[in-house]
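Within every chain, numbering begins at 1; the chains are lettered A, B, ... in the order of the sequence lines, protein sequences first and strands thereafter.
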Protein chains: 2
Amino acid sequence: MVEASRADARRNHERLLIAAHEVFGKEGSESSLREIARRAGVGIGTLYRHFPTRESLLEALIRDSVEQLRDRADQLARTVPPERALITWLQDFVQRTNSYGGMPAAIVAALHNRRSDLYASCEAMRVAAGELLARAQQVGAVRPDVTATELFALASGVALVADQMPYGKALVDRLLTLMMSGLAR
Amino acid sequence: MVEASRADARRNHERLLIAAHEVFGKEGSESSLREIARRAGVGIGTLYRHFPTRESLLEALIRDSVEQLRDRADQLARTVPPERALITWLQDFVQRTNSYGGMPAAIVAALHNRRSDLYASCEAMRVAAGELLARAQQVGAVRPDVTATELFALASGVALVADQMPYGKALVDRLLTLMMSGLAR
DNA sequence: ACCTGAACACCGTTCAAGT
DNA sequence: ACCTGAACACCGTTCAAGT
């Protein structure tokens with residue numbers, strides 16, 4: 001009985017994640033939670049039991065992406081020159097964070113609220129970016145006075161605009177390149 | 001009678017704008033329209049009669065800012081070297097568009113929707129930015145391959161992050177400077 | 001002409017009642 | 001333990017009824 005109950009709970013958990021992935025993917029991260037519960041075939045109370053906040057649901061969905069971004073940073077650090085590693089990671093970052101509409105905004109907000117359910121995941125992302133930045137600075141590829149906060153703010157800015165526009169990958173990469181090399185001449 | 005009626009309508013229009021300014025200023029551009037109507041001491045139907053969409057209300061509120069930004073561009077073009085004029089205008093742009101929470105997002109969205117009530121105002125802004133860019137490029141202060149769309153996208157990115165964060169003017173200016181001069185070295 | 005607010009169809013969130 | 005859905009307090013938006 002306890003076993004059966006746990007299996008049910010696990011199945012509901014799974015269904016909610018699937019439904020949330022579908023709905024967030026189509027309507028963005030501000031979608032109706034009721035709609036997600038409906039799509040999962042579950043009472044609204046059950047959604048709240050499994051995910052007490054919208055952010056906790058979002059967190060469960062993006063944890064994979066965050067871990068992949070961290071692995072990607074390590075991989076790039078080992079296989080590619082520091083400057084190239086940084087720009088490539090930034091491209092991946094923007095692409096990944098644009099997998100759900102509203103996700104860049106959720107990440108930026110979370111980074112400024114230590115009590116957010118998304119905080120830990122996002123902080124891990126920022127650390128990964130900071131390490132790639134430090135390496136690029138050590139070899140003199142990036143000016144030493146740029147901080148990780150500044151880099152992340154600018155990259156988040158690109159992710160935020162990209163989220164709101166029908167931008168293709170080409171334009172996003174162009175914006176990141178401009179951000180790195182600068183507009184002035 | 002007709003006169004009196006028109007005076008009433010004009011007064012309600014005015015009250016709605018004042019209330020919207022207060023509420024948007026405090027709660028951002030996604031605030032409750034009902035709350036605005038309540039604050040204005042007016043029925044919700046009256047709000048919809050004067051401003052059929054949320055964007056039409058926003059448009060009425062930011063038209064002043066847009067016109068001032070256009071004037072500012074002309075003034076800067078006359079009095080300051082092109083490179084300095086561009087960066088100063090960008091600073092003003094970000095500061096202005098951050099006067100209501102959510103305004104940068106509204107502007108970016110409007111620019112990609114020709115039928116938006118905000119489209120004309122925002123397009124005027126983009127034109128102003130484009131002219132300053134062209135001047136800076138003519139004197140060789142900015143690389144010639146940068147388009148107005150790219151410049152505006154990057155500047156909007158900064159405005160979007162600034163909107164979400166407790167950033168001071170100093171950090172915003174720093175981000176714009178980095179955007180112009182680049183991170184790479 | 002213009003104003004009003006009830007009415008409708010939705011939300012997010014909680015919590016007593018069920019199994 | 002877990003699930004359910006009614007209940008509450010809000011929305012945005014429309015529209016018949018009033019002046």
Practice item. Could you walk me through whether A/R70 and A/D74 pass the salt bridge (charged side-chain N to carboxylate O under 4.0 Å, His left out) test, one step at a time? Key: CA-CA 7 Å; A/R70 195 195 278 147; A/D74 292 345; over 6 Å; no

Exercise for review: May I have the distance from B/R49 (atom CZ) to C/dG5 (atom C1'), rounded to whole angstrom?
Suggested key: 15 Å

Point to revise | Sidechain N-carboxylate O distance under 4.0 Å for B/E14, B/R11 | key: no

Review point. Strictly by modelled atom types, are B/D117 and B/T53 linked by a side-chain donor-acceptor pair under 3.5 Å?
Key: yes

Check your understanding: If you measure only the distance, is there a donor-acceptor pair under 3.5 Å linking the side chains of A/R143 and B/S181?
Key -> yes

Check your understanding: With respect to the phosphate group of C/dC3, does any side-chain polar atom (N or O) of B/N12 fall under 4.0 Å of OP1 or OP2?
Key -> yes

Practice item. In sequence, state the C-alpha distance, the side-chain angles, and the governing distance for A/E59 and A/R63, and then conclude on salt bridge (charged side-chain N to carboxylate O under 4.0 Å, His left out). Key: CA-CA 6 Å; A/E59 198 277 337; A/R63 187 180 298 158; 2.7 Å; yes

Check your understanding: Side chains of A/R96 and A/S65: do they bring a donor and an acceptor to under 3.5 Å?
Key -> yes

Revision key, fill the gap. Going 5' to 3' through nucleotides 8-15 of chain D and flagging B where a protein heavy-atom sits under 4.0 Å of the base, S where only the sugar-phosphate is that close, and - otherwise, we get ---BBBBB

Check your understanding: Contact class for A/H13 (heavy atom, under 4.0 Å): base, sugar-phosphate, or nothing?
Key -> nothing

**Study point:** Canonical and wobble pairing (Watson-Crick, G-U, under 3.5 Å) of DNA chain C, dot-bracket with |
**Key:** ||.|||||...|||||.||

Check your understanding: For residues 108-117 of chain A, which residues have at least one heavy atom under 4.0 Å from DNA chain C?
Key -> none

Check your understanding: Between A/L90 and A/A155, what is the shortest heavy-atom contact and its length?
Key -> CD2-CB, 3.8 Å

Review point. So, B/Q138 versus B/R135: side-chain donor-acceptor pair below 3.5 Å or not?
Key: no

Study note, to complete from the structure: Among C/dC2, C/dT4, D/dC2, the one nearest any side-chain atom of B/T46 is C/dT4

